[in-house]
Amino acid sequence: MLDQIHWLAAVTVLGVLEQAYFFLQVIYARRLFGISPPKISGPPEFERIFRAQVNSSEYFPIFLALLWQAGLFFHQGLAAALGLLYLYTRYCYFMGYKASSSERLAPIYFSAGVLWILIAVSVLGILHFFLSHYVGLNVPQLLTA
């Protein structure tokens, strides 16, 4: 079983480490700009870092659910590759937002596209499972016949 999920687990750990890095960036920004919790406003430089971290955290559970569904029901390798691509684009988003609010746009659109692909792959995998398991219909076999 572990050989069927090891790539998904590795991408999950990388995602958690990325989230930790984003959290640390907020802590450093708080110290740099003298903003103590629970305050969330300050100079634009701080607010951009804070928003980038919060936005990334909000999407992380969605990403994890889709990563694992796509990996378990469709293909682990494809899901892991898409997961790495998503993590890279979220990093680009964070760094872009840190520099300027306009620099976040291309990476956020790209990462959203990756999530949509993960949704599609998850749906296809789950649909295939239901059709083959409950209806006895093997769609890939029908398509190649």
**Student:** Are L14 and E18 side-chain neighbours, meaning at least one heavy-atom pair lies under 4.5 Å?
**Tutor:** no

**Student:** Counting C-beta onward and ignoring hydrogens, is there a side-chain heavy-atom pair between K98 and Q25 closer than 4.5 Å?
**Tutor:** yes

**Student:** Is there a side-chain contact between F23 and V26 (heavy atoms, below 4.5 Å)?
**Tutor:** no

**Student:** Centre-to-centre under 6.0 Å for F130 and Y134, is that the case here?
**Tutor:** yes

**Student:** Could you tell me the separation between the OG atom of S100 and the CG atom of L105, rounded to the nearest 0.5 Å?
**Tutor:** 8.5 Å

**Student:** Once you measure the plane-to-plane angle for Y91 and F22, does it fall in the parallel (<30°), tilted (30-60°) or perpendicular (>60°) bin?
**Tutor:** parallel

**Student:** For I5 and Q76, which heavy atoms make the closest approach, and how far apart are they?
**Tutor:** C-OE1, 3.0 Å

**Student:** Just how far is it from atom CD1 of I119 to atom CD of Q69, taken to the nearest 0.5 Å?
**Tutor:** 9.5 Å

**Student:** Can you check whether N55 reaches Y93 side chain to side chain, under 4.5 Å on heavy atoms?
**Tutor:** yes

**Student:** Could you check whether atom CD1 of I40 has more than 12 heavy atoms from other residues, nucleotides or ligands sitting under 6.0 Å from it?
**Tutor:** no

**Student:** How are the rings of F63 and F60 set relative to one another: parallel (under 30°), tilted (30 to 60°) or perpendicular (over 60°)?
**Tutor:** tilted

**Student:** Does a sphere of radius 6.0 Å around OH in Y28 hold more than 12 heavy atoms from other residues, nucleotides or ligands, not counting ones at 6.0 Å or beyond?
**Tutor:** no

**Student:** Which distance, rounded to the nearest 0.5 Å, do you find between the OH of Y86 and the CD1 of I62?
**Tutor:** 7.5 Å

**Student:** Are the side chain of E103 and the backbone N or O of Y97 linked by a donor-acceptor pair below 3.5 Å?
**Tutor:** no

**Student:** Measuring from T89:OG1 to I108:CD1, what's the distance to the nearest 0.5 Å?
**Tutor:** 8.0 Å

**Student:** Which heavy atom in A70 sits nearest to a heavy atom in V121, and how many Å separate them?
**Tutor:** CB-CG1, 3.9 Å

**Student:** Are F94 and L115 connected into the same hydrophobic cluster when the rule is that any two of I, L, V, M, F, W, Y join if their side-chain heavy atoms are below 4.5 Å apart?
**Tutor:** no

**Student:** Are R48 and S101 packed together at the side-chain level, in the sense that at least one heavy-atom pair is separated by less than 4.5 angstrom?
**Tutor:** yes

**Student:** Please determine whether residues L84 and W7 belong to a single hydrophobic cluster, defined as Ile, Leu, Val, Met, Phe, Trp and Tyr linked transitively by side-chain heavy-atom distances below 4.5 Å.
**Tutor:** no

**Student:** Using side-chain contact (heavy atoms from CB on, under 4.5 Å), reason through F74 and H128 one step at a time and then give a plain yes or no.
**Tutor:** CA-CA 9 Å; F74 194 84; H128 169 66; over 6 Å; no

**Student:** For R31 and S36, indicate whether the former's side chain and the latter's backbone hold a donor-acceptor pair under 3.5 Å.
**Tutor:** no

**Student:** Cluster question for you: counting only ILVMFWY and a side-chain heavy-atom cut-off of under 4.5 Å, with indirect links fine, are V114 and F73 together?
**Tutor:** yes

**Student:** Between the main-chain N or O of G42 and the side-chain N or O of E47, is there a donor-acceptor pair closer than 3.5 Å?
**Tutor:** yes

**Student:** With side chains defined as the heavy atoms from C-beta onward, is the minimum distance between R90 and P107 less than 4.5 Å?
**Tutor:** no

**Student:** What's the spacing between E58 CD and Q53 CD if we round to 0.5 Å?
**Tutor:** 9.0 Å

**Student:** Honestly curious: do I49 and I27 fall in one hydrophobic cluster under the side-chain, below-4.5 Å linking rule?
**Tutor:** no

**Student:** State, without any angle test, whether S57 and Q19 hold a side-chain donor-acceptor pair at a distance under 3.5 Å.
**Tutor:** yes

**Student:** Under a single-linkage definition using a 4.5 Å side-chain heavy-atom cutoff for Ile, Leu, Val, Met, Phe, Trp and Tyr, are L124 and L8 assigned to the same hydrophobic cluster?
**Tutor:** yes

**Student:** Check the side chains of W68 and T12 for a donor-acceptor pair under 3.5 angstrom, ignoring hydrogens and angles.
**Tutor:** yes

**Student:** Quick one: does R104's side chain have a donor or acceptor within less than 3.5 Å of a partner on G96's backbone?
**Tutor:** no

**Student:** Within a strict 4.5 Å, meaning less than it, do heavy atoms of the P43 and I35 side chains meet?
**Tutor:** yes

**Student:** With rounding to the nearest 0.5 Å, note down the distance linking CG in L131 to CG in N138.
**Tutor:** 9.5 Å

